[in-house]
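Inspection log for the structure reproduced underneath, given as structure tokens.
Quick caveat, the model's predicted, so the values are computed rather than measured. The chain is numbered in sequence order, starting from 1.
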Amino acid sequence: MIASVRLFLYSAVLLLIFSCAAIGPPPGGPVDKTSPFIISVTPPSGKTQIDGGLKIHLKFSERLNEMTLEKGIRLVPNVDGELKFKIKKEELTVILPENLDTNQTYILTLDRIIEDEHKNQLDQTYQLAYSTGKEIAGGVIKGTVFNPEGESSLVYLYNLGAKTMDSLFIREPDYYSMTDDSGKYHFAFLEEGDYQIISFTGGAAPFPVNPARMAYGLHWEVPLSITGEDSILSQINMKVEKEIPALNVLSVKMETSNQGAAKFTNPVAIEEQSPGWIAFSQDTVNERFSPDFIFQTETPSQRIYFYSDLADAPVKMEVFFSEVMDIFDGTLFSDSSTVSVPGIDTTKVELISPATNSTAEHNPEESTFTLQFNTPINISENDSLFHVTLDDTIETEFKIEIVDPAKIRIQPKGKWETGDKFSIKIYGFNVKSFSGNSMSDSLVTVNFKIAEKIGKGGISGTVHGKYAAGTVVEALMYETENTIHSVVVNSANEFMLDNIPSGFWQLNAYQDKDNNGRYSSGKAIPFQPSEPFFVLPDTIEVRANWIVEGLELHYPE
């Protein structure tokens with residue numbers, strides 16, 4: 001009897017252990033990264049003659065995170081009264097307000113910010129239409145937003161009515177959506193009327209757009225008109241970019257007793273400036289004077305450096321700027337800054353580029369190799385501060401070209417060949433700044449290798465559409481997305497991009513209405529539409545000594 005009881009208790013314990021172990025899936029396994037999506041909607045989108053208080057049942061592929069529902073679900077046009085939600089496992093019930101207007105199409109939107117329990121966003125923005133009348137409005141506006149950062153963008157749509165363009169974006173939108181992973185957006189069930197659209201990043205719906213802080217883009221057609229029940233406007237495309245700020249001086253500082261730096265809001269190129277664009281005055285001298293040298297370590301750049309061999313050591317100095325131009329054709333007419341001048345200059349000379357811990361790849365078409373220092377150095381073409389060798393053993397004669405006192409180009413004698421490896425030894429103790437300071441290291445070695453020659457070809461074609469005249473066609477290397485070449489179409493709207501390195505290229509085009517050589521994504525305040533543009537969806541392969549001919553490029557109709 002006792003043995004039977006023990007056996008019964010042992011079996012019960014085993015049953016309890018295995019029952020507990022069977023609850024829920026085993027730990028581990030791959031992380032769920034699948035976006036949730038709608039499986040079914042009851043009543044379906046498109047239902048007419050609905051009443052207030054309608055219950056809409058939605059079934060999802062995953063359980064939703066209830067915390068994301070309130071901001072992710074909305075009804076337009078706005079109605080007094082709140083949407084109500086009930087959620088049970090994968091099923092969500094949305095209850096519309098009771099006081100709906102008659103003969104009105106309402107759009108229930110579910111944004112991508114809605115997440116499942118694993119924080120995966122909804123696979124797309126859903127729009128469901130219901131009408132208290134006999135018909136559903138059928139207007140559609142859709143397109144693609146091109147965002148250089150590759151992130152999703154918000155898209156706001158405004159019903160113009162009697163509102164002005166300049167006041168439009170300071171209020172909340174009538175409709176808004178979010179692009180999917182490919183940049184596409186879609187507004188459906190729109191009533192007849194005129195609309196305006198804007199896309200942007202860095203904000204939160206439905207708060208108004210802040211153009212000064214957000215990257216945004218507009219469309220070139222104004223207004224967007226829905227003229228009938230089935231009016232569909234497609235390819236309403238936009239590019240998201242930041243506004244170019246006004247050119248101003250951000251900071252001016254004397255880094256040593258002779259050398260200073262100025263930083264601007266926008267990049268400038270010193271070779272494009274007019275004479276006298278920088279001048280000084282010091283507390284011991286009444287007249288203004290110009291710096292001895294102005295240089296940049298990168299060009300164009302927001303930062304410029306200036307050097308002046310001051311006769312005295314002033315405590316304060318004023319720096320004046322006049323008629324400075326940035327690379328966007330913006331002008332700073334005048335500005336000045338008072339700076340403190342440090343005492344004795346103890347700054348060491350440094351080699352900024354190239355890096356000394358790797359072998360640089362050098363373009364075989366460039367006959368010189370550039371060394372960029374942080375400060376002007378005392379050097380002449382006959383100085384023996386450098387030693388150049390080929391393959392670490394063969395001493396090589398070379399020439400020195402002084403671009404500016406902080407930048408030197410070295411040209412080994414003879415014509416270099418693909419695969420040649422050079423070493424440049426810099427004797428740091430002999431490299432002196434104008435203040436007499438040398439490099440920290442007694443010997444610095446720079447290595448570079450002559451890269452293979454890249455075969456070149458071309459792309460030619462014709463641009464079509466009402467915006468074709470004045471179009472700029474740009475070729476961007478697919479792997480790096482850097483603009484390498486651009487050309488303006490001729491009078492027959494034909495283009496020829498030649499001397500392009502082999503590889504895969506992406507073609508963009510825009511109508512340069514303001515003739516400034518760059519694309520404009522528009523301006524929100526004061527309102528200015530964007531320039532028409534398009535992006536060729538397929539890449540073009542360019543081969544050496546070959547021209548890809550006969551491309552037909554079309555603006556969206």
Side-chain angles (χ1 to χ4, degrees), residues 251-256 258-264 266-273 277-278 291-309 326-327 345-389 396 398-412 416 420-451 480 482:
S251 63
V252 184
K253 181 181 180 181
M254 291 298 293
E255 298 176 335
T256 72
N258 299 103
Q259 182 173 310
K263 186 176 181 181
F264 299 91
N266 301 330
V268 300
I270 57 176
E271 63 271 13
E272 296 179 2
Q273 308 306 321
W277 66 294
I278 300 179
D292 297 321
F293 306 108
I294 304 171
F295 65 97
Q296 289 178 296
T297 56
E298 295 180 5
T299 186
S301 170
Q302 290 176 255
R303 188 179 298 275
I304 63 103
Y305 297 87
F306 49 84
Y307 184 95
S308 185
D309 190 9
D326 62 23
I327 62 172
D345 179 9
T346 59
T347 303
K348 294 289 186 179
V349 178
E350 295 180 7
L351 181 67
I352 294 178
S353 67
T356 58
N357 55 358
S358 61
T359 299
E361 289 276 336
H362 189 66
N363 185 347
E365 296 182 1
E366 296 180 9
S367 60
T368 59
F369 189 80
T370 302
L371 301 174
Q372 176 70 59
F373 294 91
N374 67 321
T375 188
I377 60 175
N378 272 315
I379 188 171
S380 70
E381 294 183 2
N382 298 321
D383 281 347
S384 56
L385 308 179
F386 308 99
H387 183 220
V388 180
T389 58
T396 303
F398 61 91
K399 294 181 180 179
I400 291 177
E401 177 188 352
I402 302 173
V403 182
D404 62 49
K407 182 183 291 184
I408 295 164
R409 292 191 180 124
I410 291 180
Q411 182 178 10
W416 45 37
D420 284 350
K421 296 179 180 179
F422 291 91
S423 291
I424 302 175
K425 289 183 171 57
I426 305 172
Y427 299 105
F429 285 164
N430 294 327
V431 178
K432 304 281 188 180
S433 70
F434 286 4
S435 300
N437 301 317
S438 61
M439 300 183 73
S440 299
D441 298 323
S442 59
L443 181 65
V444 175
T445 302
V446 174
N447 300 309
F448 67 96
K449 176 183 177 181
I450 307 304
T480 62
N482 290 325

Measure the [atom1]-[atom2] distance between [X] and [Y] for me, rounded to the nearest 0.5 Å.
X	Y	atom1	atom2	value
Met254	Phe306	CE	CZ	5.5 Å
Ile400	Ile408	CD1	CD1	6.5 Å
Phe386	Asn430	CZ	CG	10.0 Å
Gln372	Arg409	CD	CZ	10.0 Å
Asp292	Ser308	CG	OG	4.5 Å
Arg303	Phe264	CZ	CZ	10.5 Å

Working for side chain to side chain contact (heavy atoms under 4.5 Å, CB included), residues Lys432 and Ile377: CA-CA 6 Å; Lys432 304 281 188 180; Ile377 60 175; over 6 Å; no
So, the side chain of [X] versus the backbone of [Y]: is there a donor-acceptor pair under 3.5 Å, distance only?
X	Y	value
His362	Lys421	no
Asn437	Thr347	yes
Asp404	Lys407	yes
Gln259	Asp345	no
Asn258	Tyr307	no
Gln273	Ile278	no

Quick check: closest heavy atoms across [X] and [Y], and the distance to 0.1 Å?
X	Y	result
Ser367	Gln411	O-CG, 3.2 Å
Phe429	Ser438	O-CB, 3.7 Å
Ala261	Glu255	CB-OE2, 3.6 Å

Validation row: [X], [Y] side chains within 4.5 angstrom (heavy atoms):
X	Y	value
Ile270	Trp277	yes
Pro412	Thr396	yes
Leu351	Met439	yes
Lys449	Glu361	yes
Asn266	Ile327	no
Leu371	Pro354	yes
Val446	Ile426	yes
Glu365	Asn363	yes

Mutual orientation of the aromatic rings belonging to Tyr305 and Phe295 [parallel < 30°, tilted 30-60°, perpendicular > 60°]: parallel
Residue pair Tyr427, Leu385: steps toward the side chain to side chain contact (heavy atoms under 4.5 Å, CB included) verdict: CA-CA 6 Å; Tyr427 299 105; Leu385 308 179; 5.6 Å; no
Validation row, ring centre Phe369 to ring centre Phe422 under 6.0 Å: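 No: the rings miss the under 6.0 Å criterion.
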Take atom [atom1] in [X]; do more than 12 heavy atoms of anything else shown fall under 6.0 Å from it?
X	atom1	value
Lys399	NZ	no
Glu366	CD	yes
Lys425	NZ	yes

Side chain to side chain contact (heavy atoms under 4.5 Å, CB included) assessment of Ile424 paired with Phe448: CA-CA 9 Å; Ile424 302 175; Phe448 67 96; 3.7 Å; yes
